[in-house]
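First comes the structure, then the notes that go with it.
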Amino acid sequence: MSAPFDELTSGRRAWIARAGLAELASAIGRPGRVAVSTRPDLLARVDQHAAAIRESLGGTLLDPVALAGYAAAIRDAARDAGETLDDWSRPTWAMLRLLAVCSLIPS
């Protein structure tokens, strides 16, 4: 049985966070960037979301663990609401928020 997230070492938490962010970048980031490249209006909206995320998480340099936790909460809430998170012709608030998270992932 695995330990609760809070009981993991900081290194293990960071590894789990990076894995989650990598999956998000693949599932949301790649198709989202394609959508943004064809619709400049989306870029402005994603930038606004990114600014709001930075403010809510406390700064310009974001901790990957905090960012991954934030993204997981958004994704879970969207899925609980029945969103599929894959129709970039009509992106939802959650899709744009998650794409903004992708833009903030530290390299």
Side-chain angles (χ1 to χ4, degrees):
M1 183 166 186
S2 63
F5 191 74
D6 291 342
E7 293 178 14
L8 298 174
T9 66
S10 62
R12 183 72 174 148
R13 282 193 302 272
W15 184 89
I16 292 168
R18 285 191 301 274
L21 291 172
E23 188 276 326
L24 181 70
S26 177
I28 298 290
R30 285 186 188 135
R33 283 191 299 275
V34 170
V36 165
S37 73
T38 61
R39 292 189 47 197
D41 62 304
L42 292 182
L43 180 59
R45 292 169 61 193
V46 170
D47 286 346
Q48 290 173 341
H49 279 278
I53 293 166
R54 273 192 221 95
E55 184 177 318
S56 70
L57 294 180
T60 56
L61 295 175
L62 299 174
D63 172 50
V65 173
L67 195 57
Y70 182 86
I74 297 294
R75 183 173 43 208
D76 291 348
R79 287 183 178 159
D80 288 349
E83 292 185 39
T84 60
L85 304 176
D86 62 359
D87 182 3
W88 285 99
S89 66
R90 295 176 43 167
T92 64
W93 180 93
M95 292 169 68
L96 295 173
R97 198 65 158 204
L98 291 170
L99 183 55
V101 168
C102 291
S103 75
L104 297 171
I105 295 172
S107 40

Report task. Begin with the C-alpha distance, continue with both residues' side-chain angles, and end with the deciding distance and a verdict on side chain to side chain contact (heavy atoms under 4.5 Å, CB included) for W88 and L99. Result -> CA-CA 11 Å; W88 285 99; L99 183 55; 4.0 Å; yes
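When all heavy atoms of L42 and P91 are compared, the pair lying nearest together is CD2-CG, 3.7 Å. L85 and A94 make their closest contact through CD2-CB, 4.1 Å (heavy atoms, listed as atom of the first residue, atom of the second, distance).
By the salt bridge (Lys or Arg N to Asp or Glu O under 4.0 Å) test, E83 pairs with no residue at all, sequence neighbours left out. Residues satisfying the side chain to side chain donor-acceptor pair (under 3.5 Å) test with S10, not counting sequence neighbours, are none. Not a single ring pair (Phe, Tyr, Trp, His ring centres under 6.0 Å) links W15 to another residue, sequence neighbours left out. Annotation: salt bridge (Lys or Arg N to Asp or Glu O under 4.0 Å) contacts of D41 (sequence neighbours excluded): R39. Residues forming a salt bridge (Lys or Arg N to Asp or Glu O under 4.0 Å) with R33 (at least two apart in sequence, or on another chain): none.
Under the side chain to side chain contact (heavy atoms under 4.5 Å, CB included) test applied with L57, the options L62, V101, D63 reduce to a single match, L62.
Linking Ile, Leu, Val, Met, Phe, Trp and Tyr whenever their side-chain heavy atoms come within less than 4.5 Å puts W93 and L96 in one cluster.
With contacts defined as side-chain heavy-atom distances shorter than 4.5 Å, the pair I53/Y70 qualifies. Using a 4.5 Å cut-off on side-chain heavy atoms (C-beta onward), L67 and P106 make contact.
Remark: R97 CZ to Q48 CD distance equals 10.5 Å, nearest 0.5 Å. Summarising the geometry, atom CG belonging to L21 is positioned 12.5 Å from atom CD1 belonging to I28; distances are rounded to the nearest 0.5 Å. Here the CE-NE2 distance, from M95 to H49, works out to 11.5 Å after rounding to the nearest 0.5 Å.
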Enumerate, atom names and distances included, each donor-acceptor pair closer than 3.5 Å involving a side-chain atom of residues 72-79, sequence neighbours excluded.
unit_1, atom_1, unit_2, atom_2, d
R75, NH1, E23, OE1, 2.8

